[in-house]
Participant: 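First the structure, which I've put down as structure tokens, then a few questions once you've had a look.
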Amino acid sequence: MDLGIKGKSALITAASRGFGLATARQLAREGVRVSLCARGQTDLEQAATEVQAAGREVWGEAAAPVTTAAVDVTDAQAVADFVAQTGPVDLLLVNAGGPPAGGFTELAEQQWRDAYTLTIESAVRLCRLVVPGMAERGWGRVVMITSVSVKQPVDNLLLSSVLRPAVQGLVRSLAVQYAASGVTVNAVAPGFHTTSAVERLIAKKIEQTGCTVQDVLDGWTAEIPMGRLGRPEELAAVVTFLMSEGAGYLTGQGIVSDGGWVKGTF
Ligand code: NAD
């Protein structure tokens, strides 16, 4: 299926691993020029090699170029420089590391402020830098990675459960504002997936309870009707579809990809 995005330019944040990297690989296979950032240059170089290889599987020597920048999404100047270096962006994936795990009594005020900076401020900043240009050019796709916590609070993930719904509010607001400009704005809300973010959650749970890795996995999968965690490629496939030409009438949504974990009807 031709997704109609060959030759477009994508900017993907937090892309040296996990969902960002998986999405970059799929976009490269679609012939998209990908610009990646994450905090560490070494991991990014490895990621860029993988993304370039994915593009070459389909396009050979004609594969689109991949560029990288070591950027922390909470650093306003570094993000502005990264966007300027990338040039006009058609496809934007707003992604960052997740806020730390923790419950109500153990989280300090500074952790709430840091989580706001990481989760909300970084998303607003990227959109301010990229979306008006998309609207001027009359075409754009924005996808933000959130979490199932936008639908249902997740045990011991209070910062995510409180702040992620605000990102969905940003999605909905921008979607309406830019609907007539050819720009769609959506979110993908992942359930539990096999990435290093989940490895950190497992380590935290073991530290708190003294249980084993298998105990944690058994507890989660018992709550997931599909009986397994998702793969980052499955999540990236949803993001890539939302970025396609064919998804042009779909905006303001938060698509949950969770193997059936959320039990609500809407
Ligand atoms: P991951 O740990 O596999 O990858 C995170 C990436 O973000 C890495 O490349 C890391 O270098 C980069 N990163 C982290 N903080 C950054 C910062 N401040 N600036 C720039 N880059 C930064 O994680 P993932 O599973 O791909 O998670 C991506 C997002 O999805 C996170 O916000 C996570 O909380 C959320 N999420 C993940 C799951 C899951 O099951 N994996 C579920 C729900 C939500």
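Just follow the structure's listing: the first ligand is 1, and inside any ligand the first atom is 1.
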Participant: Run down the list T146, V94, D72 and name the one with the heavy atom closest to atom 44 (C) of ligand 1.
Facilitator: T146
Participant: Does E30 come within less than 4.0 Å of K8, counting only side-chain N to carboxylate O?
Facilitator: no
Participant: Is L118 linked to L159 within one hydrophobic cluster, defined over Ile, Leu, Val, Met, Phe, Trp and Tyr using a side-chain heavy-atom separation of less than 4.5 Å?
Facilitator: no
Participant: Distance-only, no hydrogens or angles: does the T240 side chain make a donor-acceptor pair with backbone N or O of A237 under 3.5 Å?
Facilitator: no
Participant: Given 3.5 Å as the limit, does a donor-acceptor pair link the side chain of N186 with the main chain of L250, or not?
Facilitator: yes
Participant: Which of the atoms in ligand 1, numbered in the order shown and given with their element, are less than 4.0 Å from a heavy-atom of L118?
Facilitator: 18 (N)
Participant: Does T119 come within less than 4.0 Å of ligand 1, judged by its heavy atoms?
Facilitator: no
Participant: Please write down residue, atom name and distance for the protein heavy atom closest to atom 22 (C) of ligand 1.
Facilitator: R39 NE, 3.7 Å
Participant: Go through ligand 1 atom by atom and flag the ones less than 4.0 Å from a non-hydrogen atom of G18.
Facilitator: 3 (O), 26 (O)
Participant: Within the distance-only criterion (no hydrogens, no angle test), does the side chain of R137 pair as donor or acceptor with the backbone N or O of V89 below 3.5 angstrom?
Facilitator: yes
Participant: Please check if the side chain of D72 supplies one atom and the backbone of R39 the other of a donor-acceptor pair under 3.5 Å.
Facilitator: no
Participant: Under 4.0 Å from a heavy atom of I145: which atoms of ligand 1 are those, numbered in the order shown and with their elements?
Facilitator: 29 (C), 30 (O)
Participant: What protein heavy atom is closest to atom 19 (N) of ligand 1, reported as residue, atom name and distance in Å?
Facilitator: V73 N, 2.9 Å
Participant: Counting both backbone and side chain atoms, is some N or O of T74 under 3.5 Å from an N or O of ligand 1?
Facilitator: no
Participant: What residue and heavy atom of the protein are closest to atom 9 (O) of ligand 1, and at what distance?
Facilitator: S16 OG, 2.6 Å
Participant: Are T13 and ligand 1 in contact, using a heavy-atom cut-off of under 4.0 Å?
Facilitator: no
Participant: Just which atoms of ligand 1 are under 4.0 Å from any heavy atom in V71?
Facilitator: 19 (N), 20 (C)
Participant: So which protein heavy atom does atom 25 (O) of ligand 1 come closest to, and at what separation?
Facilitator: T195 OG1, 2.5 Å
Participant: What is the nearest protein non-hydrogen atom to atom 3 (O) of ligand 1, stated with its residue, atom name and distance?
Facilitator: S196 OG, 3.0 Å
Participant: Working to the nearest 0.5 Å, report the span between CZ of F241 and CD of Q26.
Facilitator: 13.5 Å
Participant: Who gets closest to atom 33 (C) of ligand 1 by heavy atom: R164, H193, R200?
Facilitator: R164
Participant: Return a yes/no value: protein heavy atom under 4.0 Å from atom 5 (C) of ligand 1?
Facilitator: no
Participant: N/O of S147 under 3.5 Å from N/O of ligand 1, yes or no?
Facilitator: no
Participant: Taking atom CZ as the centre, does R128 end up with more than 12 heavy-atom neighbours from other residues, nucleotides or ligands that are less than 6.0 angstrom away?
Facilitator: no
Participant: Are there more than 12 heavy atoms of other residues, nucleotides or ligands under 6.0 Å from atom CG of D75?
Facilitator: yes
Participant: Does some non-hydrogen atom of L201 fall short of 4.0 Å from ligand 1?
Facilitator: no
Participant: How does D43 reach ligand 1, by side chain, by backbone, by both or by neither, if only non-hydrogen atoms under 4.0 Å count?
Facilitator: neither
Participant: For ligand 1, is there an N or O atom under 3.5 Å from any N or O atom of V198?
Facilitator: no
Participant: Looking only at protein heavy atoms, which one is nearest to atom 27 (O) of ligand 1, and how far off is it?
Facilitator: F19 CD1, 3.9 Å
Participant: Got a sec, which hydrophobics cluster with L201, joining ILVMFWY side chains under 4.5 Å apart, including via others?
Facilitator: V148, V154, L157, F192, V198, I202, I206, V213, V216, L217, W220, I224, M226, L229, V256, W261, V262
Participant: Checking the side chain of D90 only, and the main-chain atoms of G140 only, is there a donor and an acceptor separated by less than 3.5 Å?
Facilitator: no
Participant: List, by chain and then residue number, the residues other than V150 in its hydrophobic cluster (Ile/Leu/Val/Met/Phe/Trp/Tyr, side-chain heavy atoms under 4.5 Å); write none if there are no others.
Facilitator: none
Participant: Using the rule that Ile, Leu, Val, Met, Phe, Trp and Tyr join whenever any side-chain heavy atoms are under 4.5 Å apart, tell me whether V73 and Y116 fall into a single cluster.
Facilitator: no
Participant: In terms of hydrophobic clustering (I, L, V, M, F, W, Y; side-chain heavy atoms under 4.5 Å; direct or indirect links), are L235 and V32 co-clustered?
Facilitator: yes
Participant: Does the side chain of T117 pick up a donor-acceptor pair with the side chain of D114 at under 3.5 Å?
Facilitator: no
Participant: At the 4.0 Å heavy-atom cut-off, does E199 count as touching ligand 1?
Facilitator: no
Participant: Just to confirm my output: which protein heavy-atom neighbour is closest to atom 23 (O) of ligand 1, and how far is it?
Facilitator: A197 CB, 3.4 Å
Participant: For ligand 1, find out whether one of its N or O atoms is nearer than 3.5 Å to an N or O atom of F192.
Facilitator: no
Participant: Could an N or O of ligand 1 be found under 3.5 Å from any N or O of A96, whether backbone or side chain?
Facilitator: yes
Participant: I'd like to know if C37 contacts ligand 1, where contact means a heavy-atom distance under 4.0 Å to any ligand atom.
Facilitator: no
Participant: Output yes when the distance from some N or O of ligand 1 to some N or O of G20 is under 3.5 Å, and no in every other case.
Facilitator: no
Participant: For atom 28 (C) of ligand 1, what is the closest protein heavy atom, and at what distance to 0.1 Å?
Facilitator: N95 OD1, 3.3 Å
Participant: State, to 0.1 Å, how close T251 and A175 come at their nearest heavy-atom pair, and which atoms those are.
Facilitator: OG1-CB, 3.4 Å
